[in-house]
Amino acid sequence: MGTRKKVEYVIDIVLFLMGIGFCFFSQSIEPGSSIGLGGDFVPKICSVLWILTTIGLLINEYITPDDKIKGITADVKGFIATFILLFVYIFTLDSLGFVVSSILYMFVQMCIFVPRKLRSRRNYIFFVVISIITPILVNEIFVEVFSLILPTGIL
């Protein structure tokens, strides 16, 4: 088994275990509403989708041929950076708020995902625009459509 395949299995298993944890902790969220769907609905659905997605990733990794011959390497540093960044995002969510934390998280995460040789001034501008627009739209959708208030933080 090639290095990349081993790393993919480890990543998929870690993501699966995180999904189990999310599902477990989402069970303790109070609905907060007696009419319609409460604040516990989306986290529960997302955690189940997370688990199903990681199961799909594990199945896909199992049926995908080994890459040992191709010499493909895995980006372990990117995985570790993403994992740390996710925890920083979670811990800054209450203090900075959803919009600001998400803008910062998305920008840094895009910088991690895009290889250095493909980064350009144009791409950085694109990262900034997407990082600003997406959290603002998501916040508006949650507030206006679902009537749920995301953490506001310093704003």
Side-chain angles (χ1 to χ4, degrees), residues 4 7-61 72-155:
R4 179 176 178 178
V7 171
E8 289 292 330
Y9 274 125
V10 170
I11 291 170
D12 295 344
I13 290 169
V14 167
L15 291 174
F16 176 74
L17 294 174
M18 286 175 62
I20 297 291
F22 292 154
C23 189
F24 175 76
F25 287 117
S26 70
Q27 300 304 315
S28 65
I29 297 173
E30 294 295 324
S33 174
S34 60
I35 302 172
L37 302 174
D40 65 331
F41 177 73
V42 173
K44 288 177 181 176
I45 293 296
C46 286
S47 63
V48 170
L49 290 175
W50 182 297
I51 292 169
L52 294 175
T53 301
T54 56
I55 290 171
L57 288 171
L58 282 165
I59 292 169
N60 182 49
E61 194 60 41
I72 299 172
T73 59
D75 185 13
V76 178
K77 290 179 186 177
F79 172 71
I80 293 170
T82 298
F83 199 69
I84 292 169
L85 184 61
L86 187 58
F87 278 104
V88 170
Y89 173 69
I90 291 169
F91 288 118
T92 60
L93 202 54
D94 283 334
S95 59
L96 295 178
F98 173 77
V99 174
V100 175
S101 293
S102 297
I103 289 171
L104 296 172
Y105 171 79
M106 287 182 66
F107 179 76
V108 175
Q109 188 65 64
M110 284 187 255
C111 290
I112 291 171
F113 278 150
V114 175
R116 289 190 190 273
K117 63 184 177 185
L118 297 178
R119 294 182 196 165
S120 65
R121 186 169 191 255
R122 182 174 176 243
N123 284 345
Y124 283 117
I125 292 170
F126 180 71
F127 296 165
V128 168
V129 170
I130 294 298
S131 297
I132 291 172
I133 291 174
T134 304
I136 291 171
L137 286 176
V138 168
N139 189 53
E140 286 301 310
I141 289 170
F142 270 79
V143 170
E144 299 300 327
V145 177
F146 299 124
S147 297
L148 296 172
I149 297 174
L150 298 173
T152 55
I154 60 176
L155 294 179

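In what follows, residues are counted from 1 in the order of the sequence shown.
- Separation of atoms CG (Asn139) and OG1 (Thr152) is listed at 9.0 Å; rounding is to 0.5 Å.
- Distance check, rounded to the nearest 0.5 Å: CZ of Phe79 to CD of Glu8 gives 10.0 Å.
- For the pair Pro135 and Ser131, the tightest heavy-atom approach, listed with the atom from each and the gap, is CD-O, 2.9 Å.
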Indicate every side-chain donor-acceptor pair of residues 103-113 with a distance under 3.5 Å to a residue at least two apart or in another chain.
{"unit_1": "Tyr105", "atom_1": "OH", "unit_2": "Gln109", "atom_2": "OE1", "d": "3.2"}
{"unit_1": "Gln109", "atom_1": "NE2", "unit_2": "Thr82", "atom_2": "OG1", "d": "2.9"}

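- Taking Val138 as the reference, Phe98, Thr134, Phe142 meet the side chain to side chain contact (heavy atoms under 4.5 Å, CB included) condition, with sequence neighbours excluded.
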In a table with atom names and distances, give each donor-acceptor pair under 3.5 Å that connects a side chain of residues 45-53 to protein atoms at least two apart or in another chain.
{"unit_1": "Ser47", "atom_1": "OG", "unit_2": "Pro43", "atom_2": "O", "d": "3.2"}
{"unit_1": "Ser47", "atom_1": "OG", "unit_2": "Lys44", "atom_2": "O", "d": "2.9"}
{"unit_1": "Trp50", "atom_1": "NE1", "unit_2": "Leu15", "atom_2": "O", "d": "2.6"}
{"unit_1": "Thr53", "atom_1": "OG1", "unit_2": "Leu49", "atom_2": "O", "d": "2.7"}

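- Within the 4.5 Å cutoff, the side chain of Val99 has no heavy atoms near those of the Glu140 side chain.
- A search for side chain to side chain donor-acceptor pair (under 3.5 Å) contacts involving Thr54 returns nothing, not counting sequence neighbours.
- A heavy-atom distance below 4.5 Å is found between the side chains of Phe127 and Val114.
- Between the CD1 atom of Ile80 and the CG atom of Leu85 there is a distance of 13.5 Å, given to the nearest 0.5 Å.
- Under the 4.5 Å side-chain criterion, counting only non-hydrogen atoms from C-beta, Glu61 is not in contact with Leu57.
- In this view, Phe16 satisfies the ring pair (Phe, Tyr, Trp, His ring centres under 6.0 Å) rule with no residue, not counting sequence neighbours.
- In this structure, Ser101 OG and Leu96 CG are separated by 4.0 Å, a value rounded to the nearest 0.5 Å.
- Listed for the Asn123 side chain is a donor-acceptor partner under 3.5 Å among the backbone atoms of Leu118.
- In this structure Ser102 satisfies the side chain to side chain donor-acceptor pair (under 3.5 Å) test together with Tyr89, sequence neighbours excluded.
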